[in-house]
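Since the structure comes first, as structure tokens, the remarks are kept for the end.
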Amino acid sequence: MPVHITAQPASRSARASVEQQWKARITEIARQHNVALIDFRIHSKLTMNDENYWDHLHYRVPFRERLVKSIAQALATGQDDPNGTWRARVIPSPNQWR
């Protein structure tokens, strides 16, 4: 989920290293089960904008609407966001979805 930047670990910290390890594990699980995985839990303009959040973990309704559109775009293109909002970690072709 796209949590606020303050809820994410600082770059190159021990906590960031652990988070990268679990992201790698989750990515492998998604590949094994042929499910889409889009990573919004990254440092981006979206997660740095205080106006998008009620608190560090909960985002506001307009943000949710943007998130839904972003997921659709990621699934349609299979690409990372050119603006750096998400990373498309696993995007199986639609005919492979269960």
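Scope of the values below: all heavy atoms of this structure, side chains included, with no hydrogens, waters or symmetry mates. Numbers here simply count residues along the sequence, with the first being 1. In this text the structure is predicted, and so the values were computed from the model without any measurement.
Across all non-hydrogen atoms, the minimal contact from A16 to P9 is N-CB, 3.5 Å. Contact detail for Y59 and W54: the closest heavy-atom pair is O-CD1, 3.5 Å. Among all heavy-atom pairs drawn from G84 and S44, the shortest one is O-CB, 3.3 Å.
Within the 3.5 Å criterion, the main-chain N or O of L46 finds a donor-acceptor partner in the side chain of N52. For T47 (side chain) and I42 (main-chain N/O), a donor-acceptor pair under 3.5 Å exists by modelled atom type.
How far CG of L37 is from CD1 of I29: 10.0 Å, rounded to the nearest 0.5 Å. To the nearest 0.5 angstrom, M48 atom CE is 12.0 Å from T6 atom OG1. The CD1 atom of I5 sits 13.5 Å away from the NZ atom of K45 when rounded to the nearest 0.5 Å.
The shortest distance between side-chain heavy atoms of M1 and L57 does not fall below 4.5 Å.
The side-chain hydrogen bond (donor to acceptor under 3.5 Å, both in side chains) pairs that include a residue from residues 18-27 are E19-R41, K23-D39, where partners are two or more places apart or lie in different chains. Screening residues 62-83 for side-chain hydrogen bond (donor to acceptor under 3.5 Å, both in side chains) gives D81-T85 as the qualifying pairs, with residues at least two apart or on separate chains.
By the 30° and 60° cut-offs, the orientation of the rings of F40 relative to W86 is tilted. Taking the six-membered ring where tryptophan is involved, the planes of H4 and H56 are perpendicular, since the angle between them exceeds 60° and thus also 30°.
Within a 6.0 Å radius of CZ in R15, other residues, nucleotides and ligands contribute more than 12 heavy atoms. Heavy atoms of other residues, nucleotides or ligands lying less than 6.0 angstrom from CZ of R87 number 12 at most.
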Under the side-chain contact (heavy atoms from CB on, under 4.5 Å) rule, what do I91 and I38 come out as? Steps first, then yes or no, please. CA-CA 8 Å; I91 307 292; I38 305 160; 3.9 Å; yes
